[in-house]
Amino acid sequence: MKQEKIYLKDYKGPAFSVDSVHLDFNLNEDFCRVRAKSAIKQLTAGSALHLNGVDLKLIAVKINGQELQPTEYQVTAEELIIPSVPASFTLEIETQLEPQNNTSLEGLYKSSGIFCTQCEAQGFRKITYFFDRPDVMTSYSVTIEADKKKYPVLLSNGDRIKTEDLGNGRHKAYWSDPHKKPCYLFALVAGDLGVIRDTFTTTSGRKVNLEVYASHGKQDRCWHAMDSLKKAMTWDQDVYGLEYDLNDYMIVAIDDFNAGAMENKGLNIFNSRLVLADSSSATDTDFHSIESVVAHEYFHNWTGNRVTVANWFQLSLKEGLTVFRDQEFSADMTERAVQRIEDVDALRAGQFAEDAGPNAHPVRPESCMAVDNFFTMTIYEKGSELIRMMQTIVGRKGFRKGMDEYFRRHDGQAVTTEDFAAAISEPNGKDFSQFKRWYNQSGTPVVSVLEKFDAAAGEYHLTLEQSCPPTPNQPTKEPFHVPLMMGLLDKNGKELALNCEHITQNTDGKHLIELKDHKKTFVFKGIKERPVLSILREFSAPVNLHWEASEDDLYFLMEKDTDSFNRREMAQKMGLRVLSNLIAKARKGEALQVDEKYINALSAVIRDPNIDPSFKAKMLQLPSYAVLAQVEPVLDAEAFHKARVTVRKTIAKMNKAALLETYRQFHGVEPKSRDTKVFGHRQLKNQALSYLAELQDPEILEIVNKQYWDAQNMTDRMTALTILADSQSEYREKALQHFHDEWKNDSVVINKWFTAQASATSRPDVLKDVMALTQHPTFNLQNPNNVYSLLRAFSANIVRFNDPKLNVYEAYADKILEVDAKNPQVAARLCSAFNFVQKLDPVMKDKALTQIKRMVAAPNLSKNSRELLQSALT
Ligand code: 0A1
Ligand code: ZN
């Protein structure tokens, strides 16, 4: 029996190096022939050759031109083993694949008639037998032969050498990549594709050809991706001095793709939902996501490709760092405070939940069953927070110095998170030994705040105490090194001078407490009146703050804090207090009445003309269901829903006229504009509309319906459709039918139609709707976007997914099993729906555990899904 788990502690460097590899692809309708010719050297004398390979038909193996006899090698389900090889040799391997039948969407597969690849993390082993590990970097040359009519476009990594017409209806393309890379960055595309072109000249004068490919007829929707790419290239030069290093940069949009996009060297392959956009088909949020993901993949060229990971346990080395870079890019392209709020909301809703659930793991994990399960919010988003904390501690200038040092030391290498931390800390003379615990310890730390003001002594005492809840395999934790950005305000909201020996000011002028002890009191001198504390500014560390601040202080900060992030944070904190109170009442069957002070504070925000609209929209958001599920002791979906709707309704009732005025002020103004400011205006007026819709007033529904039919952009149309889809209105069916008829042949846009129906919280029939949609002719269970936008969106609908009156978990588990048989990676992503199981009441918990056990017992369940589900049972 093969070992179930792999461990970081077992990691050993490679026993062989590969000087170069040539890959020759012969693509046909019913099979594909791959010939791989590698120049290999032993690094450890006498090693047997172990090459990874899965689902391959081996045709022939040659060493130094001599074909091996079957007795000279061994083929297992996952390896080709040649016990005895020379010190240095040429290895030729011929394999045969069936890309047309590959439903896992890793390795070489077909999507809408296009051949494409996905090799990260371990897909290359489905193409040929090779060292499928990131620390074996080599030079690639590639030839691709295919039918010329069906596959006029033949792409791979690096430089285009030439294309030959073979005269028999077939043609052959030659590619060569001058940069060494691990095999997970290999890519190939062959198909009949449309393209748009542009160029970019780098600071040192290299003229780069930029190409974005999509299926014919969709090219016009690729320009936003192209603009985003140029912005990203400029930003990386300006901020990090990093230039692109090839003559071509290609992006290809593919309809069937497990993840968002992939940074293959010079040839990014994208989920088409993250490339295709115009104002009639994409929302403002889609435009924003495209800009950030195009940038993310581009930034990987340096953080991931030039410097890569030594093994998959180090995944956050490239992902945390690249997410940090794309978040900073987005902050520079839009509004920094709003961007930070959005990033923290996503972190809290997703990563904090992961850290509190059965699959919590460190940013640098110690073990795993399926490497593909590493692509988590902890590795990506928490990983990014770790980088951000480093920058906060050393300041922006210091961080740039560290990044320069990182590239100076490690360009062309496969390295670890330790190497990164050393490159940042050493040039800045900082000690990161304690900081590195963030990489090894899982769980979200808690920082408790205690305040004391001594008027007689003129001293303000701030006591901070940290702890971290137990997580799987980690019952106790050592204290973290926590950078807390802070300030003290006087009664007018003015910043006080901070006279405390432990406060440092980083090169960006931010005041920091670096909490390293389990508990410590910080004394601020020369304080005449009780100050108001503003702490964890900009969310300077990924922690839960326990702070029993008075209501008065929270309202004061909501209005006056100089840190915008904290103004909104205090609004959330107040919102949580109000909601928790109502949830407790709802659970006891008591009448719900919303605290007047809170309503007044939000009403003041609605009416304040001086607050920037996009920031105002953030101030007015109530804490999400995902956050409630974390902070409440029991996940009681009905009580959550009652409480939240009551608050929203009350706000709408008390502010009907003001909300209508906001709506009218911004509705229909520059409906086609993609300016960040206009995005903000639209966001606010659509938020006003969705508050108003809580009133279920015919007059408002009329406005919603009108917005649906008159919409001149997808943001307005989707806002209206989402409201109607969750209503009992007579307008519901007609709008849904219209949207379907309009977009049923558009593989990207139709997903919005699924999500609108799966996300309805007030409608009792959502389970029925969702299950019926899985049988709808436009739904394809083998298309990841369809699955995510219907089934995953449904599981994120905490209210309906946890409806105690229905057997939701059973129906959902059936779907996981169905997906798992075809595509384990996609199935595994659905499994996170059960992360909240410990939060359910005993009856619901029992229902969920029954289904988890049933899935785990299913005979052919993939190790991807099994790893994630099994943990919920221990
Ligand atoms: N490295 C990519 C994400 C990615 C991960 C896995 C994939 O297939 C299993 C595909 C893409 C990124 O960070 O964008
Ligand atoms: Zn990435």
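Order of listing sets the numbers, starting from 1, for every ligand and every atom in it. Here the structure is a predicted model, which means the values were calculated and not measured.
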Under the side-chain contact (heavy atoms from CB on, under 4.5 Å) rule, collect the residues that match up with N751, sequence neighbours excluded. F754, N785, N786, S789

May I ask you to test the N305-K181 pair for a side-chain heavy-atom distance under 4.5 Å? no

T138 and F130, any side-chain heavy atoms less than 4.5 Å apart: yes

Assign the ring pair F124 / Y140 to parallel, tilted or perpendicular, where the plane angle (0 to 90°) is split at 30° and 60°. perpendicular

Are N268 and Y249 close enough that a side-chain donor and a side-chain acceptor fall under 3.5 Å? yes

Test of understanding: with ring pair (Phe, Tyr, Trp, His ring centres under 6.0 Å), list the residues that count as partners of F375, not counting sequence neighbours. none

Name of the H300 atom (N/O/S only) found closest to the Zn ion (ligand 2): NE2

Residue shell for ligand 1, any heavy atom closer than 4.0 Å, reads Q118, E120, A259, A261, M262, E263, H296, E297, H300, K318, E319, F375, Y380, Q825

Among the N, O or S atoms of E319, which one sits nearest to the Zn ion (ligand 2)? OE1

Salt bridge (Lys or Arg N to Asp or Glu O under 4.0 Å) contacts touching residues 817-828 (sequence neighbours left out): K815-E818

